[in-house]
Amino acid sequence: GWPEAAMAGALGVALSGPRSYSGAKTDDPFVNASGDRDIDENAVDRAVSALDRSWAAMLAVLGVSVALIWLI
């Protein structure tokens, strides 16, 4: 979905694409087809770091929102 496409674009990798389900091959398009198709553990580490940063930003916004509510 959209989060997968956003992460593929942010990391510069191609996801999905042709694959096999129960021995039947599919011809699905790649998400971010121009991205790197040789994904290694570094891409996974970058994805986890991006997730951690997005959670930290969300918690910071939540914290500021709660603080502002308490001040009003």
Side-chain angles (χ1 to χ4, degrees):
W2 290 20
E4 178 184 9
M7 186 65 81
L11 297 176
V13 298
L15 298 177
S16 294
R19 55 190 171 263
S20 176
Y21 288 112
S22 301
K25 288 191 173 190
T26 67
D27 194 24
D28 296 331
F30 280 97
V31 174
N32 191 29
S34 64
D36 186 11
R37 295 182 185 182
D38 292 325
I39 299 172
D40 58 7
E41 63 275 357
N42 292 328
V44 175
D45 290 341
R46 291 192 332 254
V48 171
S49 292
L51 178 63
D52 289 345
R53 287 191 308 272
S54 67
W55 273 103
M58 187 269 314
L59 288 174
V61 168
L62 181 63
V64 168
S65 299
V66 168
L68 289 174
I69 289 171
W70 281 99
L71 290 175
I72 295 177

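What you see below is based on every heavy atom in this structure, not just the backbone, and it leaves out hydrogens, waters and symmetry mates. Throughout, residue positions are numbered sequentially from 1 according to the sequence presented.
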Give, for atom [atom1] of [X] and atom [atom2] of [Y], the distance between the pair rounded to the nearest 0.5 Å.
X     : Y     : atom1 : atom2 : result
Leu11 : Ile39 : CG    : CD1   : 8.5 Å
Met7  : Asn32 : CE    : CG    : 12.5 Å
Arg46 : Asp40 : CZ    : CG    : 7.5 Å
Glu4  : Leu15 : CD    : CG    : 5.0 Å
Asp28 : Thr26 : CG    : OG1   : 3.5 Å
Met58 : Ser65 : CE    : OG    : 11.0 Å

| said: Would the distance check show the side chain of Ser20 and the main-chain N or O of Lys25 forming a donor-acceptor pair, the cut-off being under 3.5 Å? | reply: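 Such a contact is absent between Ser20 side chain and Lys25 backbone.
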| message | Within the 4.5 Å heavy-atom criterion, are Ser16 and Val31 side-chain neighbours or not? | response | yes
| query | More than 12 foreign heavy atoms under 6.0 Å from CG of Asp45: is that the case here? | reply | yes
| field | Val13 with Phe30, same ILVMFWY side-chain cluster at under 4.5 Å | value |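 Val13 does not cluster with Phe30.
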| field | Test side chain to side chain contact (heavy atoms under 4.5 Å, CB included) applied to Val64 and Val66, Leu68, Val61, Leu62, the passing residue | value | Leu68
